[in-house]
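Structure first, then comments.
Not measured: the values here are computed from a predicted model. Along the sequence shown, residues carry numbers from 1. Read the numbers this way: they start at 1 and go in the same order the structure lists the ligands and their atoms.
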Amino acid sequence: MRSRLTLLMAAVVLAGCTTGGATPGTSAAATPGTSPASPAGSAAESPAGSAAESPAGSPAGSGAASFPADSTLGQIQAKGELTCGVKFDVIAFGFRNPTSGEVEGFDADLCREIAAALGVEPKFVEAISANRIPFLLEDRVDLVISTMTRNEERLQQIDFSKIYYLAGQRILVKSDSDYQSIDDLVAAGVPVCSGQGSTSEANLREAGVTEDNLVLFGTYTEAAAALVDGRCDAVSTDDSILFGLAAQNEGLEVRGERFTEEPLGIGIKKGKEDLVEFVNDVLEAMAEDGRWAALYDKHIKPYTGEEAPEPPLDM
Ligand code: GLU
């Protein structure tokens, strides 16, 4: 771990000396390391800043370390792109901006940071809750960065990075609703909407929502539309997703306490230990140099109104 971190730091120092070069072609979105939200002086030292100045898909010219051709990292460098499965409809984490076509949010920017540290381009594929693990197992993506809870059950099938964000499950209801908590919804025996293949679905069963009252959708956008039309009395999932839905739909609000902990991690297919270690090193570097907090301020603070917490990496 330490030696890889040293390697990464060396790459960063080298990158700081790189000047000129082509701008990456596929992503017009602001590079987190160079955005105004970044701490002063961080751009020159950040892997993201380095990639912005490096020829696309050319790790050798980017200042990123080159990895052996037979390693997972070397294979990603050879193809010149890091494919990330992200949400396309979750504001603040993974959201395809309909105007620009760019995928925005905390998860999307984590993909950009990791790609930049490898000297490759980020590529985004939509990964909804139910297809995250299949996409990894079928090698359709290198990483899943899709508001995904790391838990024991999923760890049987895939590996995870360190925790990059701590969410918790809550409820979203119409502002004129009397329901204040998940217990109120269970006691009233009313339908609750959620995402198929999510931990939220399982948590609702555990909280006492019956099969008849569990209304599942592929995406949380569809779940929110069902709440608006009255097909269910609440949407329940990670609060970090609900805040975005409340912002997108007038007359909806997030209520009650968190009734679960949802530690979000980056999913990686088993057998790619070098990629897990690399991703963890990038997350650690981001926590240390302020890029994690800058991403929180940029994407999440506008919805929570709260100051950036300590990055939860080691939980
Ligand atoms: N974090 C939870 C999960 O991984 C719920 C959010 C989601 O479905 O993306 O299942």
Side-chain angles (χ1 to χ4, degrees), residues 84-96 103-111 124-137 141 143-172 182 192-207 209 214-227 232 234-248 254 256-269 279 296 299-300 303-304 309 312-313 315:
C84 298
V86 300
K87 294 261 172 31
F88 275 12
D89 68 331
V90 171
I91 289 226
F93 283 84
F95 182 75
R96 188 163 59 178
V103 185
E104 299 168 350
F106 198 96
D107 288 350
D109 278 348
L110 282 182
C111 177
F124 298 103
V125 170
E126 182 176 21
I128 59 172
S129 302
N131 64 23
R132 293 175 292 196
I133 293 178
F135 274 15
L136 286 170
L137 300 182
V141 297
L143 302 176
V144 161
I145 318 181
S146 178
T147 65
M148 191 177 195
T149 298
R150 182 178 78 184
N151 63 19
E152 285 307 317
E153 195 186 326
R154 289 174 178 167
L155 278 164
Q156 308 286 315
Q157 295 177 272
I158 58 167
D159 284 337
F160 277 92
S161 70
K162 288 175 177 248
I163 300 308
Y164 67 86
Y165 187 77
L166 181 60
Q169 188 163 343
R170 294 177 66 186
I171 64 167
L172 176 80
I182 183 63
V192 180
C193 287
S194 193
Q196 199 151 31
S198 65
T199 52
S200 320
E201 170 191 348
N203 296 335
L204 287 172
R205 284 197 185 91
E206 200 156 307
V209 177
L214 198 51
V215 187
L216 301 175
F217 294 92
T219 67
Y220 293 101
T221 305
E222 294 169 283
L227 170 60
C232 50
V235 174
S236 183
T237 184
D238 296 356
D239 49 4
S240 43
I241 296 177
L242 299 179
F243 283 127
L245 294 174
Q248 281 173 297
V254 181
E257 297 296 313
R258 286 180 168 184
F259 57 97
T260 69
E261 267 198 351
E262 304 295 328
L264 308 186
I266 297 176
I268 300 169
K269 190 180 181 180
V279 165
Y296 178 93
H299 296 297
I300 302 174
Y303 300 99
T304 62
L313 300 192
M315 68 171 290

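- Every atom of ligand 1 is numbered from 1 in the order shown, and the set under 4.0 Å from a heavy atom of L264 is 1 (N).
- Within the 4.5 Å cutoff, side-chain heavy atoms of M148 are placed close to those of R154.
- The closest protein non-hydrogen atom to atom 10 (O) of ligand 1 is T199 N, 2.8 Å.
- In this structure a side-chain-to-backbone donor-acceptor pair under 3.5 Å is present from K87 to S146.
- Ligand 1 has no N or O atom lying under 3.5 Å from any N or O atom of T237, backbone or side chain.
- Residue contact check for ligand 1: S146 places a non-hydrogen atom closer than 4.0 Å to it.
- Residue R132 places a heavy atom less than 4.0 Å from ligand 1.
- Residues T237 and Q169 have side chains that never bring a donor and an acceptor to within less than 3.5 angstrom of each other.
- Near S198, meaning under 4.0 Å from any of its heavy atoms, are these atoms of ligand 1: 8 (O), 10 (O).
- Ion pair R258/D239 flagged as a salt bridge, since at least one NZ, NE, NH1 or NH2 atom sits closer than 4.0 Å to an Asp/Glu carboxylate oxygen.
- A heavy-atom distance below 4.5 Å is found between the side chains of S200 and S194.
- Using modelled atom types and a 3.5 Å distance limit, the side chains of T219 and E222 yield a donor-acceptor pair.
- When each atom of ligand 1 is checked for a heavy atom of T149 under 4.0 Å away, the hits are 1 (N), 2 (C), 3 (C), 4 (O).
- Closest heavy-atom approach to atom 4 (O) of ligand 1 within the set R154, R150, K87: this belongs to R154.
- Taking the six-membered ring where the residue is Trp, Y296 and Y165 present parallel rings, their angle staying beneath 30° rather than reaching 60°.
- For Y220, a nitrogen or oxygen atom sits less than 3.5 Å from a nitrogen or oxygen atom of ligand 1, counting backbone and side chain alike.
- Annotation for ligand 1: atoms under 4.0 Å from non-hydrogen atoms of M148 are 4 (O).
- Nearest heavy atoms, G85 versus V141: N-CG1, 3.8 Å.
- Short contacts between ligand 1 and S129, defined as distances under 4.0 Å to a heavy atom of the residue, involve ligand atoms 7 (C), 8 (O), 9 (O).
- Ligand 1 lies nowhere less than 4.0 angstrom from a heavy atom belonging to I128.
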Could you give me the CA-CA distance, side-chain angles and deciding distance for T199 and E262, then say whether side-chain hydrogen bond (donor to acceptor under 3.5 Å, both in side chains) is met? CA-CA 8 Å; T199 52; E262 304 295 328; 2.8 Å; yes
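- Using a 4.0 Å cut-off to heavy atoms of I241, the atoms of ligand 1 that qualify are 6 (C).
- When each atom of ligand 1 is checked for a heavy atom of S200 under 4.0 Å away, the hits are 5 (C).
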